[in-house]
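What follows is one structure encoded as structure tokens, with my remarks underneath.
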Amino acid sequence: MIPRYDPSVIEPKWQQRWRDTGAHAVSEDSARPKYYVLEMFPYPSGDIHMGHVRNYTIGDVVARHLKMRGYSVLHPMGWDAFGLPAENAAIKSATHPAEWTHANIERQRLSFERMGFSYDWDRAVVTCDADYYHWGQWIFLKFWERGLVDRRRSPVNWCPSCKTVLANEQVLGEGDCWRCHSLVEKRELEQWYFKITEYAQELLDDLAELPGWPERVKTMQANWIGRSEGAEVEFEICGPDGEPTGETMTVFTTRPDTLFGCTFFLLAPEHPCVREWVAGTPYEAEVMRVVADAGRATAVERTSGEHEWSGAPTGRFVVNPVNGEKVPVWVSDYVLMEYGTGAVMAVPSGDQRDFEFARRYGLAIPPVVLADDDPLLELLAGQTERVVREVPWERAYDGPGVMVQSGSFTGTPTGKGGQGVHAVTEWLEREGRGRATVNFRLRDWLISRQRYWGNPIPAIHCSSCGLVPVPEAELPVLLPSGVDITKGQTLADAPSFFQTDCPSCGGPARRETDTMDTFTCSSWYYLRYCDARNDTAIWDADRAGYWMPVDQYIGGIEHAILHLLYSRFFTKVFRDMGLVAFSEPFTNLLTQGMVKKDGETMSKSKGNVVAPEDMISEHGADALRAYILFMAPPDKDLEWSYEGVEGMSRFLGRVWRLVHTVAADPTVGEAGDGGAADDVASATLRRERHRVVGKVTGDIARFNLNTALAAMMELVNAAYDHRKSRAEGGVGGAVQREVAQVLVRMLAPFVPHMAEELWSGVLGFEGSVHEQPWPEWDDAAARAESVELAVQVNGKVRDRLVVASDAGDDEIREAALGLEKVASLLAGSTVRKVVVVKGKLVSIVAG
RNA sequence: GCCCGGGUGGUGGAAUGGCAGACACGGCGGUCUCAAAAACCGCUGAGGGAAACCUCGUGAGGGUUCGACUCCCUCCCCGGGCACCA
């Protein structure tokens with residue numbers, strides 16, 4: 001009598017056993033190769049969801065599998081615990097964020113245990129605990145020492161709902177906040193920055209060193225960093241009287257070769273010169289209207305395609321360095337203060353935006369670059385002086401071509417990055433009017449937040465000494481508990497926190513009351529796991545050196561830019577500090593797809609959430625794990641199906657009964673590769689066993705976890721077929737036993753509880769199945785003595801042919817041509833060609 | 001507009017250029033049962049045919065090849081990212 005498969009009994013039993021025996025604890029082991037499997041740690045926002053289940057199950061399969069393959073595997077977990085949701089929840093429930101956070105962490109930890117994840121809990125990190133954020137503050141001080149910390153006033157993104165500033169990366173495409181999706185406003189504030197732009201070039205270059213990352217993620221990072229090559233060009237400023245003053249203003253351009261076509265000059269509405277230049281002039285009213293409109297428009301309006309640009313002349317002029325021409329300075333809201341210098345040279349014939357602006361305000365559009373087939377070439381080829389002031393075109397031309405009306409450069413071939421660009425840049429450098437330069441879209445990382453629940457910035461404002469770092473010995477700066485966030489208080493409302501003495505002069509001073517962006521906490525946690533309990537250093541170099549870099553990182557695509565870019569930046573700084581010996585933290589990256597329901601993301605507001613805990617109660621963690629791996633390849637989105645979970649539950653039942661039957665059958669002999677495959681059915685099953693082990697092993701390596709499970713199902717089906725024929729013939733017990741033992745070991749990473757129960761409880765082995773070696777396989781043993789080939793005539797399969805698997809090409813060809821059906825099809829035509837593909841098919845071409 | 005993905009049965013999905021649809025879900029039929037569930041055994045791309053078989057079929061159209069879901073070109077649709085970046 002086979003006991004019913006009841007995960008609600010066996011799963012807790014093995015989870016308890018793993019806890020009791022410390023089954024998941026690891027330490028450095030120089031005798032074995034190491035492997036670091038990391039899944040993005042969760043935010044403890046409440047119960048776990050299917051996204052967590054998927055992410056962490058994938059990681060758990062990799063970790064458990066590689067352990068069986070003989071690796072020393074680091075597989076840690078922790079919590080990214082600072083941040084706004086904790087504050088909001090605390091306000092709602094009138095508790096302290098720490099209380100809410102730790103309660104959620106405990107709940108999530110229990111859920112992870114119920115899922116059977118093999119985490120080494122001794123290494124857990126919780127970022128809101130002082131023994132973790134202590135080192136985050138230490139990092140801040142070290143960055144400061146290295147000149148990578150800056151405090152400055154500039155236009156920043158302000159989320160009115162979160163009541164804090166945001167980094168550029170945290171403003172989404174539509175101009176909304178990454179966390180609450182409110183529209184972000186621009187404000188001019190003094191804030192703290194990490195100078196990530198100092199590493200812009202390296203962050204871009206090293207993407208090439210990451211073959212194990214998805215192309216998509218690398219592209220997104222490259223776009224975000226946004227490198228463009230060009231030149232800085234200096235324009236001399238004219239005074240109110242129109243005469244050159246000797247002062248200059250610099251612009252960035254990617255097309256210095258079009259300088260001769262510059263007919264006006266633009267400033268961003270926020271540019272500091274704007275107010276100064278128009279104050280008290282007839283231009284003031286109109287210019288200030290443009291400035292006010294730009295300030296009022298939200299980010300969305302200003303960047304949407306429908307938004308009409310507006311502009312106004314300032315009455316001032318600047319001098320074009322290449323031809324000495326005075327061009328008017330305008331203000332327009334299509335010029336961004338944040339990019340380049342906030343000032344632009346306008347070349348309407350070469351830039352569509354400038355073109356439209358010029359048409360609208362009646363400014364000249366002289367051609368300076370002509371395409372090879374442009375009819376104007378006839379008139380302008382070799383023409384150095386400007387004779388045509390207006391192009392007859394519908395739109396600007398920015399493609400390759402030849403320079404015209406461009407003084408001594410006329411006739412030079414040019415285009416983006418072309419000869420003309422270099423020629424003009426060299427001339428500018430010689431004349432001291434400009435230089436080749438590179439501009440990045442990437443901005444420095446704004447890390448200060450005006451919120452309570454974060455890591456306090458370890459800095460002190462002293463009226464006589466200025467900004468003073470908190471001395472290392474005084475770390476950590478602890479978050480005070482007496483702040484009533486339900487009343488909207490922050491650290492700035494806690495005098496006992498901010499009133500302090502200057503570490504430099506001893507005078508009364510004020511402690512910084514901003515906290516750090518939560519993304520600073522998650523930029524180095526993977527290193528802390530290597531030595532999580534170290535209270536004298538951030539980590540021990542030898543330990544980090546043993547485990548790092550992370551061999552396989554697994555997480556959501558939503559971190560493609562934010563977390564993954566910041567972590568790469570931190571790692572490069574750590575390298576420059578001598579803390580680590582590598583430049584990239586994550587060798588391989590897998591971005592898993594989302595779990596959806598009815599085509600939509602699961603969310604509370606849509607009411608389509610399937611709770612993992614419910615599924616565990618109903619079908620068991622093993623069925624849930626296997627289901628979520630089976631339904632789609634890990635990197636693709638997955639459509640939830642209750643029927644699918646039931647199907648997986650059925651499969652596990654089949655495995656359960658198969659192994660029980662084998663174990664209970666006294667006629668089933670001892671296993672072993674030498675066991676006789678004593679009949680045709682047994683030989684077939686033996687081959688299948690070798691084929692499937694090879695297939696599953698390869699599939700896991702390539703993250704084809706869905707097909708790995710499918711292959712195991714095929715093996716189970718084959719075993720059932722074999723059992724059927726055994727009932728008739730009664731031989732082949734050794735193969736049955738061998739298959740059962742191999743199957744249980746292969747299933748162990750996927751369904752760890754059931755595998756454990758079957759291994760020791762049913763098959764009667766000593767020790768944990770997870771300590772067993774991964775099953776071996778032999779490709780030769782997977783091959784049959786004979787194979788069936790498809791026989792194609794002119795590309796269509798017309799017959800089949802069974803030949804010995806070692807048959808030669810000639811033999812196969814003759815056999816194929818000798819087939820009755822083939823012969824009748826070939827009647828009256830001549831065979832032109834015969835292609836033999838070993839083990840697959842024969843293709844006969846006739847005509 | 002630019003850059004990535006993707007488009008295969010009723011559904012989720014398989015296929016180093018080599019028999020399209022593995023595996024599963026759903027459906028249909030059977031065995032067992034008083035009955036049902038479970039389990040077990042079949043069938044299940046479309047059209048035609050009693051059947052053997054035949055024809056069509058991987059978003060559309062071309063191309064390369066003995067052979068294309070797979071490679072190349074043009075285009076359509078869906079998802080995502082970036083987008084006044086000078």
Side-chain angles (χ1 to χ4, degrees), chain A residues 2 4 172-173 214-224 226-228 230 251-255 258 266 268 302-305 307 309 332-336 338-347 350-354 356-357 398 439-442 557-558 560-561 591 593-594 599 627 630-633 635-648 650-651 653-654 657 695 698 704 706-714 716-717 720-721 723-724 788-800 821 832-847:
Chain A
I2 296 170
R4 194 170 63 89
L172 305 181
E215 214 50 50
R216 180 155 72 123
V217 174
K218 288 190 278 187
T219 308
M220 281 165 75
Q221 289 211 357
N223 287 345
W224 186 261
R227 181 183 198 273
S228 47
V251 297
F252 173 75
T253 177
T254 55
R255 294 297 301 273
T258 63
L266 293 160
R302 214 171 138 180
T303 55
S304 85
H307 181 65
W309 306 322
S332 177
D333 57 357
Y334 77 82
V335 180
L336 305 173
E338 297 87 49
Y339 186 79
T341 59
V344 170
M345 62 176 231
V347 181
D351 180 284
Q352 188 57 23
R353 293 155 300 172
D354 298 345
E356 287 169 25
F357 193 87
D398 61 4
N439 226 298
F440 291 95
R441 209 188 78 109
L442 182 71
I557 186 77
E558 68 273 18
I561 294 170
T591 51
M594 287 191 295
Y627 159 76
F630 178 67
M631 278 304 274
D635 58 336
K636 298 267 174 59
D637 285 353
L638 181 154
E639 175 66 29
W640 180 266
S641 146
Y642 288 102
E643 292 81 6
V645 193
E646 281 162 28
M648 186 51 70
R650 269 202 296 274
F651 167 68
R654 266 166 83 76
R657 288 185 297 276
K695 163 95 173 133
N704 295 334
N706 54 331
T707 52
L709 272 160
M712 287 189 266
M713 289 173 176
E714 289 179 72
V716 170
N717 291 344
Y720 270 77
D721 287 347
R723 205 170 70 179
K724 199 172 29 168
E788 190 183 74
L789 306 180
V791 181
Q792 294 184 343
V793 177
N794 289 337
K796 280 191 199 302
V797 179
R798 296 299 183 177
D799 206 353
R800 278 154 211 292
K821 191 154 178 198
R832 295 189 194 283
K833 193 172 177 182
V834 179
V835 181
V836 176
V837 183
K838 275 262 165 49
K840 302 279 186 186
L841 55 69
V842 185
S843 180
I844 300 164
V845 190

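So that the names make sense, note that chain A is the first sequence line, chain B the second, and so on, each numbered from 1.
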d(A/R441 CZ, A/E338 CD) to nearest 0.5 Å is 11.0 Å
Short side-chain N/O contact from A/R353 to OP1 or OP2 of B/C85, under 4.0 Å
yes
Residues that A/F252 engages under ring-ring contact (aromatic ring centres under 6.0 Å, His included), provided they are two or more places apart:
none
For B/G80, glycosidic torsion class - syn if within 90° of 0, otherwise anti
anti
Applying a 4.0 Å non-hydrogen cut-off, can you work out what A/N706 is touching in the nucleic acid: base, sugar-phosphate, or nothing?
sugar-phosphate
Residue A/F630, side-chain atoms from C-beta onward, closest of B/A14, B/A24, B/C25:
B/A24
Taking B/C78 as the reference, what is the distance to B/C53 when you measure between their P atoms (whole Å, please)?
43 Å
Provide, to the nearest angstrom, the distance between the NZ atom belonging to A/K840 and the C1' atom belonging to B/C66.
17 Å
Mind checking the C1' distance from B/C71 to B/G67? Whole angstroms is fine.
13 Å
Check every atom of B/G26, B/C19, B/C40 against the side chain of A/R657 and return the nucleotide holding the closest atom.
B/C40
Starting the side chain at C-beta, find the nucleotide from B/A24, B/A86, B/C19 nearest to A/R800.
B/C19
Expressed as a whole number of Å, how far does the P atom of B/C85 sit from that of B/A15?
42 Å
May I ask which nucleotide in the shown strands pairs with B/G79, Watson-Crick or G-U wobble, both distances under 3.5 Å?
B/C4
Base, sugar-phosphate or nothing for A/K218? Non-hydrogen atoms, less than 4.0 Å.
nothing
Counting any heavy atom closer than 4.0 Å, what does A/G647 reach on the DNA or RNA strands: base, sugar-phosphate only, or nothing?
sugar-phosphate
Does B/C82 have OP1 or OP2 sitting under 4.0 Å from an N or O in the side chain of A/R441?
no
Among the nucleotides B/G18, B/U55, B/A24, whichever has the atom closest to the side chain of A/Q792 is B/G18
Tell me the interatomic distance from A/M594, atom CE, to B/G80, atom P, rounded to whole angstroms.
8 Å
Any donor-acceptor pair under 3.5 Å from A/Y627 side chain to A/G647 backbone:
no
From CE of A/M345 over to P of B/A86, roughly how many Å is that when rounded to an integer?
12 Å
Please check this pair: side chain of A/R216 against backbone of A/I557, looking for a donor-acceptor N/O pair closer than 3.5 Å.
no
Going by modelled atom types, is there a donor-acceptor pair between the base of B/C66 and the side chain of A/R832 at under 3.5 Å?
no
Write down the partner of B/U65 under the Watson-Crick or G-U wobble criteria, each distance required to be under 3.5 Å.
none
Can you check the A/D398 CG to B/C85 C1' distance for me, whole Å?
14 Å
Would you find a donor on one side and an acceptor on the other, under 3.5 Å apart, between the side chain of A/D351 and the backbone of A/D354?
yes
Between CD of A/Q792 and CG of A/L841, what distance do you get to the nearest 0.5 Å?
5.0 Å
Phosphate OP1/OP2 of B/A14 contacted by A/N704 side-chain N/O (<4.0 Å)
no
Just to be sure I understand the rule, does A/D637 reach a base, reach only the sugar-phosphate, or reach nothing, if contact means heavy atoms closer than 4.0 Å?
sugar-phosphate
Considering heavy-atom distances to RNA chain B, does A/S843 or A/R255 have its closest nucleotide positioned more toward the 5' end?
A/S843
Do the non-hydrogen side-chain atoms of A/Y334 and A/V344 ever get within less than 4.5 Å of each other?
no
Looking at every strand, decide which applies to A/P214 at a 4.0 Å heavy-atom threshold: base, sugar-phosphate, or nothing.
nothing
Contact class for A/K796 (heavy atom, under 4.0 Å): base, sugar-phosphate, or nothing?
sugar-phosphate
Out of B/A86, B/G18, B/C40, which nucleotide sits closest to the side chain of A/L841?
B/G18
Write down the distance between CE (A/M648) and P (B/U11), rounded to a whole number of angstrom.
21 Å
Can you tell me if A/T219 touches the phosphate of B/G81, counting only side-chain N or O atoms and a distance under 4.0 Å to OP1 or OP2?
no
According to the Watson-Crick and G-U wobble definitions, with both distances under 3.5 Å, which nucleotide is paired to B/A20?
none
Looking at every strand, decide which applies to A/E788 at a 4.0 Å heavy-atom threshold: base, sugar-phosphate, or nothing.
base
When you measure from the side chain of A/R654, which nucleotide among B/A86, B/C19, B/C41 comes out closest?
B/C41
Answer with base, sugar-phosphate or nothing: what part of the nucleic acid does A/N717 contact at a heavy-atom distance below 4.0 Å?
sugar-phosphate
Of A/G795 and A/K636, the one whose closest nucleotide on RNA chain B sits nearer the 5' end is A/K636
Nucleotide paired to B/U55 in any strand shown, Watson-Crick or G-U, under 3.5 Å:
B/A46
Is the side chain of A/N794 donor-acceptor paired with the backbone N or O of A/A846 at a distance under 3.5 Å, no angle test?
yes
Looking only at atom C1', what distance separates B/G21 and B/C56, rounded to whole Å?
15 Å
Scan A/E643 against the nucleic acid and name what it touches under 4.0 Å (heavy atoms): base, sugar-phosphate only, or nothing.
sugar-phosphate
Among the nucleotides B/A14, B/G81, B/C25, whichever has the atom closest to the side chain of A/M220 is B/G81
Expressed in whole Å, how much space separates the P atoms belonging to B/G18 and B/G29?
39 Å
Residue A/Y720, side-chain atoms from C-beta onward, closest of B/A86, B/G12, B/C41
B/C41
Whole-Å distance separating the CG atom of A/L266 from the C1' atom of B/A86:
9 Å
Separation between the C1' atoms of B/C4 and B/C19, rounded to whole Å
34 Å
Is there a donor-acceptor contact under 3.5 Å from the side chain of A/D637 to the main chain of A/M594?
yes
Could you tell me the separation between the NZ atom of A/K695 and the C1' atom of B/U16, rounded to a whole number of Å?
11 Å
Indicate, with a heavy-atom threshold strictly under 4.0 Å, whether A/E714 touches base, sugar-phosphate, or nothing.
sugar-phosphate
Can you tell me, in whole Å, how much space there is between the C1' of B/U31 and that of B/A38?
14 Å
Write down the distance between CD (A/E558) and C1' (B/G80), rounded to a whole number of angstrom.
13 Å
Side chain of A/Y339, heavy atoms from C-beta onward: which of B/C41, B/C85, B/C19 has the nearest atom to it?
B/C85
Under a 3.5 Å limit for both distances, which nucleotide forms a Watson-Crick or G-U wobble pair with B/G29, could you say?
B/C41
Is A/R654 positioned over the aromatic face of A/F651, cation under 6.0 angstrom from the ring centre and no more than 45 degrees off axis?
no
Of the listed nucleotides B/G12, B/C84, B/U55, the one nearest the side chain of A/R798:
B/U55
When the P atoms of B/U70 and B/G9 are compared, how many Å lie between them, rounded to an integer?
15 Å
